[in-house]
Amino acid sequence: MGVYQQATVNNTDPIIRLRALESAQSLLDEIIALKYDEATPTGGIPACSTASASACTNTPDNNMNDVDDYHLYSDEPYANYRRSVSVTAANNIKLITVSVTTPTGETFLLSAERANF
């Protein structure tokens with residue numbers, strides 16, 4: 001009886017985890033498909049830099065058209081699922097981290113780096 005009870009209690013866990021991972025991956029894919037920076041031209045060449053005429057701004061705005069714009073973004077893709085984003089920049093690399101907290105309190109993190117090109 002104990003095994004049956006344990007199986008019944010935890011039978012939705014894989015569905016909850018899969019939903020969390022899919023929502024994290026879809027947002028991460030959306031973000032890394034964007035331009036590195038507001039000053040990056042379409043196609044990425046020449047890359048923005050402090051040495052060029054198009055200096056990188058690395059500042060979030062509400063356009064949601066480049067990677068930094070998602071810094072501190074959060075939403076609720078499903079009821080009781082909390083998704084948030086952090087973007088940090090160092091050495092022309094931006095680290096994007098998407099965090100999803102499930103209704104059961106588990107937190108899943110997915111990260112990717114976006115280079116300046």
Checklist entry - Is it true that Val67 and Ile93 fall in one hydrophobic cluster, defined by side-chain heavy atoms closer than 4.5 Å? => result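 Different hydrophobic clusters.
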Next on the checklist: Do Tyr36 and Leu95 land in one hydrophobic cluster if side-chain heavy atoms of ILVMFWY residues count as linked below 4.5 Å?
Outcome noted: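 Different hydrophobic clusters.
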Using modelled atom types only, decide if a donor and an acceptor are shared between the side chain of [X] and the backbone of [Y] within a distance under 3.5 Å.
X     : Y     : result
Thr59 : Thr57 : yes
Asp69 : Met64 : yes
Lys35 : Asp66 : no

Decide yes or no for [X] and [Y]: does some side-chain heavy atom of the first lie under 4.5 Å from some side-chain heavy atom of the second?
X     : Y      : answer
Val98 : Tyr70  : no
Lys94 : Asn58  : yes
Asp61 : Glu38  : yes
Ile16 : Pro103 : yes
Val85 : Leu72  : no

Next on the checklist: Before you tell me yes or no, could you show the steps for Arg83 and Ser26 under side-chain contact (heavy atoms from CB on, under 4.5 Å), namely the whole-Å CA-CA distance, both residues' side-chain angles and the distance that decides it to 0.1 Å?
Outcome noted: CA-CA 11 Å; Arg83 186 168 63 174; Ser26 68; 3.8 Å; yes
Checklist entry - Between CG of Leu18 and CZ of Phe108, what distance do you get to the nearest 0.5 Å? => result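 The distance works out to 9.5 Å.
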Checklist entry - Is the number of heavy atoms from other residues, nucleotides or ligands within 6.0 Å of CG (Asn65) greater than 12? => result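 It does: Asn65 CG has more than 12 such atoms within range.
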Checklist entry - Charged N to carboxylate O below 4.0 Å: is that the case for Asp75 and Arg82? => result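 Looking at Asp75 and Arg82, the cut-off is not met.
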Item to check | Polar contact flag, side-chain donor to acceptor under 3.5 angstrom, Thr107-Thr101 | outcome: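 Result is yes, a qualifying pair exists.
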Checklist entry - Residues two or more places apart in sequence or in another chain: which of them pass side chain to side chain donor-acceptor pair (under 3.5 Å) with Glu22? => result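 Checked Glu22 against side chain to side chain donor-acceptor pair (under 3.5 Å); zero matches.
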Below 3.5 Å, can you tabulate the donor-acceptor pairs from side chains in residues 109-117 to any protein atom, sequence neighbours excluded?
from: Ser111; atom 1: OG; to: Thr97; atom 2: OG1; distance (Å): 3.1
from: Arg114; atom 1: NE; to: Ile32; atom 2: O; distance (Å): 3.2
from: Arg114; atom 1: NE; to: Leu34; atom 2: O; distance (Å): 3.2
from: Arg114; atom 1: NH2; to: Leu34; atom 2: O; distance (Å): 2.8
from: Asn116; atom 1: ND2; to: Cys48; atom 2: O; distance (Å): 2.6
from: Asn116; atom 1: ND2; to: Asn92; atom 2: OD1; distance (Å): 3.4

Checklist entry - Quick one: ring-ring contact (aromatic ring centres under 6.0 Å, His included) pairs with a partner in residues 76-106, sequence neighbours left out? => result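 Counting only pairs at least two positions apart or across chains, the ring-ring contact (aromatic ring centres under 6.0 Å, His included) contacts touching residues 76-106 are Tyr78-Tyr81.
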